[in-house]
Amino acid sequence: MNYWLFKSEPNEFSIEALEKMPRKTEHWDGVRNYQARNFMRDEMRKGELGFFYHSSCAEPGIVGIIKISKEAYPDHTAFDPTDKHFDPKSDPQAPRWFMVNVTLVEKFREPITLKTLKSYADRQLADFRLLARGNRLSVMPIEKKHWKFINSLR
DNA sequence: GCCAACGTTGGC
DNA sequence: GCCAACGTTGGC
């Protein structure tokens, strides 16, 4: 059982937008980083949980919990020349990029802000990947101890 | 295989 | 808007 963190810029796709989708489910498309892709394609399993993180916004932080509702399948947005995430090197016969479906489990009443998370950076969250220097992964695994600790902050 | 140039990410 | 950190690209 793995735990995950999914980053998104809320003006691109927010937890509020997910909440409004049919069955509160949407595909997590547009991942164009090999390491993040490998996590999704090779390790994410249906039913696993993840945090939804808002980045590049007024108050970056964890805003809720989602679950994997469909395991990895080809990211069709890579095949669409009109799509922002079009990649001419991804071929439907040999897809380069993948996505999963996520379903909203819970939107937090109050976000757990990056500022709050950082306040534990030298203690309980000392080796938390999100806080690692220069980390830019949009999809990353979370250790169970960190998952539990962050949930205790709610 | 090396590495400089370039583009992107993301906090501030 | 700035800038540090990082990933990718492409010439050699």
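A, B, ... follow the sequence lines: proteins, then strands. Residue 1 opens every chain.
In this structure, the side-chain contact (heavy atoms from CB on, under 4.5 Å) partners of A:F149, at least two apart in sequence or on a different chain, are A:Y120, A:Q124, A:L125, A:S152, A:L153. In this view, A:R136 satisfies the side-chain hydrogen bond (donor to acceptor under 3.5 Å, both in side chains) rule with no residue, not counting sequence neighbours. With sequence neighbours excluded, the residues that form a side-chain contact (heavy atoms from CB on, under 4.5 Å) with A:K148 are A:K144. The side-chain hydrogen bond (donor to acceptor under 3.5 Å, both in side chains) test applied to A:N38 returns A:R41, not counting sequence neighbours. In this structure, the side-chain contact (heavy atoms from CB on, under 4.5 Å) partners of A:S8, at least two apart in sequence or on a different chain, are A:F13, A:W28, A:F52. With sequence neighbours excluded, no residue forms a ring pair (Phe, Tyr, Trp, His ring centres under 6.0 Å) with A:F98. Applying the side-chain hydrogen bond (donor to acceptor under 3.5 Å, both in side chains) rule to A:S90 yields no partners; only residues at least two apart in sequence or on another chain are considered.
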Short heteroatom pairs, N/O only, protein and nucleotides 7-10 of chain B, under 3.5 Å:
from, atom 1, to, atom 2, distance (Å)
B:dT8, O2, A:R136, NH1, 2.6
B:dG10, OP1, A:K7, NZ, 2.7
B:dG10, OP1, A:R136, O, 3.2

If you restrict it to nitrogen or oxygen atoms, what contacts under 3.5 Å exist between nucleotides 2-4 of chain B and the protein, and what is each distance?
none

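Spacing between atom CG of A:N11 and atom P of B:dG11 amounts to 12 Å, rounded to whole angstrom units.
Contact between A:N33 and A:W97 at its shortest, heavy atoms only, is N-CZ3, 3.6 Å.
At the heavy-atom level, A:K115 lies nowhere under 4.0 Å from the strands shown.
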